[in-house]
Amino acid sequence: MQLLPSQGEIGYIPIGSFTTEAGAVIPDVTVAVQRWGKLNDQLNNVVLVEHALTGDTNAAGDGGWWAELIGPGKAIDTNRWCVVCTNVIGGCKGSTGPSSPHPEDGKPWGSRFPALSIRDLVNVEKQLLDAIDIHHIAAVIGGSLGGARTMEWTLMYPEMIDAAVIAAVSARASAWQIGIQSAQIQAIDHDPNWHGGDYYDKGVTPAAGLSLARQIAHLTYRGELEVDDRFGVKPQEGEDPYGPFHRPDQRFQVESYLQYQGAKLVERFDAGSYVILTDTLNRHDIGRGRGGMVAALESSTIPTVVIGVTTDVLYPLHQQEHLTRHLGACLGLEVIDSPVGHDGFLTETRRMSGILRRFMFTVVGIQERSTKHARALRD
């Protein structure tokens, strides 16, 4: 048994070798993890929070991506709950990924790092929880890539989980999602500094490709109306995109904004991880090997709240409506009416706070009923 790291600190926990669904072996895997709140004596107050594509373990710390929702007295109250957040395998924020040293030669994995499925991400996380002796989860909560992981958790390990929240995701990747995500991968693949994924020892990075991939992605993360309201057709200050010839240094404001978003990601994220995890999203299909999408959803026994955003173009609201129609134990659909788009589950913190507060009260009720039932059986 290994202990959880001190509150707010990142722990790097070795979990041994891992074999992917497709049969590739990743030896000496390390998983980065953070936690907030204390594990109770009953070991039944763990809330597992799942990050999105370029997220990390810092869900609740300074600058944390859900810091307004997790903490003492907040929607996920760390006076009562022990919140755990891991970094996915394949990532670049402390867990083993393409930029990590390969155990054979100490050089980065690069192109040697295998493809991953959503189920692989969940199985690594399960292996991590086993290593730190956590075998019960009060709630799994996640959006986007985190929502896909949450959904797989409820189907793969239902005996461990009391309830779940799935936000801004679908039961499987649609052809449109695969297309837009594959275009992002190609943007990196076609950067001459990519070197087939083995750029780490070349003294260069595929910054242009990663930036372009992020620009494509960011347009799917934000709402069309919001982007148009903010930028319209206004030129960037001091530039003239209406000149007689096209010039890359004469931009509309929206171009400058997207390039800024691309540059920010280049500073904090690894292109190899971006390719691996974007491909993982392309492989998302909860119906694979389970008799199809509807059959898999109907088999779910975990009480689940589904969240959708009205202006989400990446995972449109009709996909969350589909989930609620077929999930075997759905608690209902919560709709965030926001111009922000897909990122609404991250940015609309007041609305999310209300949803998560109600959900956590529901979890308390589920646990109390379970305790009463267990006592009745003993008596």
Side-chain angles (χ1 to χ4, degrees), residues 10-33 50-57 86-128 130-131 145 148-149 152 173 178 181-214 217 265-285 288:
I10 303 178
Y12 303 94
I13 298 178
I15 64 167
S17 294
F18 176 75
T19 302
T20 70
E21 272 197 289
V25 177
I26 308 174
D28 300 332
V29 173
T30 294
V31 178
V33 60
E50 308 281 25
H51 67 73
L53 176 66
T54 62
D56 53 29
T57 59
T86 73
N87 181 223
V88 293
I89 187 173
C92 58
K93 298 296 183 177
S95 293
T96 300
S99 60
S100 303
H102 194 290
E104 289 183 0
D105 55 20
K107 296 179 180 179
W109 274 82
S111 63
R112 295 177 290 180
F113 199 84
L116 300 169
S117 69
I118 299 292
R119 296 174 197 179
D120 289 329
L121 306 190
V122 170
N123 276 325
V124 166
E125 201 164 44
K126 170 65 163 55
Q127 207 164 310
L128 175 278
D130 286 343
L145 172 64
R149 292 159 67 194
E152 283 291 356
I178 293 172
Q181 288 159 181
S182 295
Q184 296 167 45
I185 293 173
Q186 289 180 53
I188 297 172
D189 281 343
H190 285 81
D191 187 320
N193 289 335
W194 171 240
H195 292 285
D198 295 316
Y199 64 89
Y200 298 98
D201 60 352
K202 306 292 185 183
V204 296
T205 63
L210 179 57
S211 174
L212 181 55
R214 181 63 165 188
L265 187 73
V266 168
E267 291 176 357
R268 70 175 181 85
F269 210 78
D270 173 58
S273 287
Y274 196 93
V275 168
I276 287 290
L277 296 179
T278 301
D279 179 64
T280 299
L281 277 172
N282 283 349
R283 296 168 183 241
H284 171 50
D285 180 3
R288 177 172 52 82

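A quick note: this is a predicted structure, and the numbers were derived from the prediction, not measured.
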Quick one: list whatever passes side-chain contact (heavy atoms from CB on, under 4.5 Å) with D198, sequence neighbours left out.
-> S111

Write down the atom of T20, the atom of P114, and the distance for their closest heavy-atom approach.
-> CG2-CG, 4.3 Å

Could you pull out all residues at least two apart from K126 that satisfy salt bridge (charged side-chain N to carboxylate O under 4.0 Å, His left out)?
-> D130

Pairs in or reaching into residues 86-108: which pass salt bridge (Lys or Arg N to Asp or Glu O under 4.0 Å), with residues at least two apart or in two chains?
-> D105-R112

Just by modelled atom types, is the T30 backbone N or O under 3.5 Å from a matching donor or acceptor in the T96 side chain?
-> yes

Rounding to 0.5 Å, atoms CD1 (I178) and CG (D279) come to a distance of 9.5 Å

May I ask you to decide if I15's main-chain N or O and Q127's side chain share a donor-acceptor pair within less than 3.5 Å?
-> yes

Applying side chain to side chain donor-acceptor pair (under 3.5 Å) to S273 and not counting sequence neighbours gives none

Set of residues satisfying side-chain contact (heavy atoms from CB on, under 4.5 Å) with respect to P103, sequence neighbours excluded | P27, D28, W109

What pair of heavy atoms forms the shortest contact from S95 to S100, and how long is it?
-> O-OG, 3.7 Å

Any idea which heavy atoms bring N87 and D56 closest together, and the distance?
-> ND2-CA, 4.3 Å

Qualifying salt bridge (Lys or Arg N to Asp or Glu O under 4.0 Å) pairs, either residue in residues 12-22, two or more places apart | E21-R119, E21-R288

Taking the side chain as every heavy atom from C-beta outward, state whether P98 and Y200 have any atom pair closer than 4.5 Å.
-> yes

For H195 and V204, what are the C-alpha separation, side-chain angles and deciding distance, and is it a side chain to side chain contact (heavy atoms under 4.5 Å, CB included)?
-> CA-CA 10 Å; H195 292 285; V204 296; 4.1 Å; yes

Please identify each residue that fulfils salt bridge (charged side-chain N to carboxylate O under 4.0 Å, His left out) with E125, with sequence neighbours left out.
-> R149

Is the backbone N or O of L116 less than 3.5 Å from a side-chain atom of T280, with the two atoms forming a donor-acceptor pair by type?
-> yes

Under the side-chain contact (heavy atoms from CB on, under 4.5 Å) test, residues paired with A213 that sit two or more places apart | Q184, A187, I188, Y274

Who pairs with D285 by salt bridge (charged side-chain N to carboxylate O under 4.0 Å, His left out), at least two apart in sequence or on another chain?
-> none

Reported CG-to-OH distance for the pair D270 and Y199, which is rounded to 0.5 angstrom = 3.5 Å

Heavy-atom donor-acceptor pair, T86 side chain to V33 backbone, under 3.5 Å | no

Residue set satisfying side-chain contact (heavy atoms from CB on, under 4.5 Å) with A208, at least two apart, ordered chain then number -> D191

Is the side chain of S211 donor-acceptor paired with the backbone N or O of A207 at a distance under 3.5 Å, no angle test?
-> no

Would T205 and N193 count as a side chain to side chain contact (heavy atoms under 4.5 Å, CB included) if you check the C-alpha gap in whole Å, the side-chain angles of each, and the deciding distance to 0.1 Å?
-> CA-CA 6 Å; T205 63; N193 289 335; over 6 Å; no

Do the side chains of R268 and T54 get nearer than 4.5 Å, heavy atoms only?
-> yes

State the CD1-CD1 distance between I26 and I89, to the nearest 0.5 angstrom.
-> 3.5 Å

Taking only residues two or more places apart in sequence, or in another chain, which ones meet D201 in a salt bridge (charged side-chain N to carboxylate O under 4.0 Å, His left out)?
-> none

Can you name the residues that form a side chain to side chain donor-acceptor pair (under 3.5 Å) with S17, not counting sequence neighbours?
-> none

Candidate pair I185 and N282, rule side chain to side chain contact (heavy atoms under 4.5 Å, CB included), full reasoning = CA-CA 11 Å; I185 293 173; N282 283 349; 4.1 Å; yes

Kindly compute the distance separating CG (L128) from CZ (F18), expressed to the nearest 0.5 Å.
-> 12.0 Å

